[in-house]
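Note sheet for the following structure.
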Protein chains: 2
Amino acid sequence: MTMSAPDPFAVWLPLARAQKTILTAVEAALKQAGLPGLDWYDLLWELECAGDAGLRPYELQEKLLLPQYGVSRLADRLARAGYLTRQDCSGDGRGQVLLLTPEGARTRAQMWEVYAAAMEPAISSNLSTGEARRLAELLGKLLRPAPADKI
Amino acid sequence: MTMSAPDPFAVWLPLARAQKTILTAVEAALKQAGLPGLDWYDLLWELECAGDAGLRPYELQEKLLLPQYGVSRLADRLARAGYLTRQDCSGDGRGQVLLLTPEGARTRAQMWEVYAAAMEPAISSNLSTGEARRLAELLGKLLRPAPADKI
DNA sequence: GTGATATACATGCAAATGCATCTAAATGGA
DNA sequence: TCCATTTAGATGCATTTGCATGTATATCAC
């Protein structure tokens, strides 16, 4: 039996398309609800997970896969909205610690409702429980560190 | 045997993360090669597929999952770069037909080399042939039309 | 210590994006 | 035919992004 070579694009094309489709749907739902976008959600969520310890911007940069200036300015906007505070970092004069405010937590909770509601039909209606589990598993494998292509 | 409910986020989170990771890697490779980004590639590719018939902007809008103004301006840039031409549309005075130029085709071919080379390690090194096939299949299911959430 | 390098974060400027709106041509009724 | 509605596409304006660079502190070699 001949096994066709694993065409990376057979994976990439539907992957990109599925991501874009779902992303668009969720962003539309959030906007319609008068809530911020997913990038705000992700940052708020990480801060909530971090609790009282807060997070340094460079930590968020890794967690969110954002460029350094991306985190810097995203945090700016969140701070202006009153969703986080910047605190001088004891022990590192260059740095700062970002902390979630109660209002930030409230907004994240509101967003979660909309987020989950928009996600559910986009995914659950097209996959069985077993398929979803298998898909998540395969995507997880895809995320393993690539073999040192960083220069 | 109890079957855990299908958590949509168990799929969405790695999906989004995998897409972003691979996208970033490919964009970086293209940039380093002094070539345009993936959005240009996608448009060039569709035009190449369309051949001499070309494509109407509204057709690209559907194929590329872009907003109307997105296609309008992307086409502007491609036209300024000499990669496509806009032709008045016989039969619809409002419309136009976008046609690939030879230079556009050449650039797309160059991009393809870099694109494919960057994609390969990101995907093939983490998945077996069978896994890749299964993953592509599951992602395909995910792309089925959602149950009428359009307003 | 002192100087060189590396790390953390900010920012000016140009380009891209989102949103609302505009024009023009097509379609559909009466 | 005439008017109302829909569709194709462009564009002004505000926001966001990307890129390069700037500033300040930390770390390391000596």
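Naming: A, B, ... by sequence-line order, numbering from 1 per chain.
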Review point. Should B:I123 and B:L38 be regarded as members of a common hydrophobic cluster, given that ILVMFWY residues are connected when their side-chain heavy atoms come within less than 4.5 Å of each other, either directly or indirectly?
Key: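 Yes; B:L38 is reachable from B:I123 via cluster members.
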Point to revise | For DNA chain C, the residues among residues 42-64 of chain A that have a non-hydrogen atom under 4.0 Å from it | key: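 Under 4.0 Å from DNA chain C: A:R56, A:P57, A:Y58.
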[X] has an atom [atom1]; how far is it from atom [atom2] of [N], in whole Å?
X: B:R94; N: C:dA25; atom1: CZ; atom2: P; result: 10 Å
X: B:L74; N: D:dA10; atom1: CG; atom2: C1'; result: 15 Å
X: B:L98; N: D:dA8; atom1: CG; atom2: P; result: 14 Å
X: A:R86; N: C:dA8; atom1: CZ; atom2: P; result: 16 Å
X: A:L78; N: D:dT16; atom1: CG; atom2: C1'; result: 14 Å
X: A:L65; N: D:dT17; atom1: CG; atom2: C1'; result: 17 Å
X: A:L38; N: C:dT17; atom1: CG; atom2: P; result: 18 Å
X: B:L66; N: D:dA8; atom1: CG; atom2: P; result: 16 Å

Review point. Do B:D92 and B:R56 meet the salt-bridge criterion of a basic N to acidic O distance under 4.0 Å?
Key: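 So B:R56 pairs with B:D92 through a salt bridge.
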Check your understanding: What's the shortest heavy-atom distance between A:L99 and A:G51, and which atoms?
Key ->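 Minimum heavy-atom contact is CD2-O, 4.1 Å.
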Review point. Are any non-hydrogen side-chain atoms of A:P36 and A:L30 less than 4.5 angstrom apart?
Key: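 Side chain of A:P36 against side chain of A:L30, heavy atoms only: no contact under 4.5 Å found.
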Review point. Considering residues at least two apart in sequence or located in another chain, which fulfil the salt bridge (Lys or Arg N to Asp or Glu O under 4.0 Å) criterion with B:E113?
Key: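 Testing B:E113 for salt bridge (Lys or Arg N to Asp or Glu O under 4.0 Å), a comparison that skips the adjacent residues, returns none.
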Check your understanding: Can you name the salt bridge (Lys or Arg N to Asp or Glu O under 4.0 Å) partners of B:K141, sequence neighbours left out?
Key ->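 If we apply the salt bridge (Lys or Arg N to Asp or Glu O under 4.0 Å) test to B:K141, skipping adjacent residues, the hits are A:E131.
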Review point. Residues two or more places apart in sequence or in another chain: which of them pass side-chain contact (heavy atoms from CB on, under 4.5 Å) with A:R86?
Key: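 So A:R86 forms a side-chain contact (heavy atoms from CB on, under 4.5 Å) with A:A75, A:D76, A:A79, A:L84, A:Q96, A:L98.
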**Study point:** Aromatic ring proximity, centroids under 6.0 angstrom, A:Y115 and A:W45
**Key:**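 Between A:W45 and A:Y115, the centre distance exceeds or equals 6.0 Å.
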Practice item. Classify every nucleotide of nucleotides 11-16 of chain C by which part a protein heavy atom approaches to under 4.0 Å, writing B for the base, S for the sugar-phosphate alone and - for neither, in 5'-to-3' order. Key: BBB--S
Review point. Tell me, which pairs form a ring pair (Phe, Tyr, Trp, His ring centres under 6.0 Å) where one or both residues lie in residues 116-135 of chain B, sequence neighbours left out?
Key: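 Not a single pair qualifies under ring pair (Phe, Tyr, Trp, His ring centres under 6.0 Å).
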